[in-house]
Every structure is written in C-alpha cells, then in structure tokens.
Amino acid sequence: MEGAGEADAAGWTEVDLDVAEPPVAVGAILRLGLEAEVLGPPGLRAEVVRSVTGLAQRYA
C-alpha cells in the first residue's frame, strides 16, 4: 500500500493517508475496521472518537 511502512514486530503497519476533509478521512478510517487506529493529527483522532462514540451510543 502506498504510504505504508514496514510491519513492526507485532505485525502493525503505519500508513500515511492523504485526505482533503476530516469527514472523508473518518469514513475511510472506519472502513478499515476495528484494527485501524488514528495516531494523528489530534483533531482527526478526536473526530474518529466522536464518530465511534456516537455509534456506540446509538447501538447500545
């Protein structure tokens, strides 16, 4: 995958995604599934937190 580094000892790979708008980025990240984690920037991480928190509340 373009923008991906080598997998670490635990099998994790960091990927840099270039997206124009946070809502687009959040959708792309959520499509990656539960194993994806946003490391930065902090604003995007906060947007993902808001989205998954809302989903969890809706489906609880």
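These numbers come from the heavy atoms of this one structure, side chains and all, not from hydrogens, waters or symmetry mates. None of the values given here were measured: they were computed from a predicted structure.
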Inset, instruction - Step through the shown structure and confirm whether more than 12 heavy atoms of other residues, nucleotides or ligands are within 6.0 Å of CG on D18. - result: no
Inset, instruction - Could you tell me which non-hydrogen atom of L30 sits nearest to which non-hydrogen atom of S51, and how far apart they are? - result: CD1-CB, 4.4 Å
Enumerate donor-acceptor pairs with a distance under 3.5 Å from any side-chain N or O in residues 40-50 to protein atoms, sequence neighbours excluded.
| from | atom 1 | to | atom 2 | distance (Å) |
| --- | --- | --- | --- | --- |
| R45 | NH1 | E37 | OE2 | 3.2 |
| R45 | NH1 | V38 | O | 2.4 |
| E47 | OE2 | R50 | NH2 | 2.6 |

Inset, instruction - Taking the side chain as every heavy atom from C-beta outward, state whether L39 and E14 have any atom pair closer than 4.5 Å. - result: yes
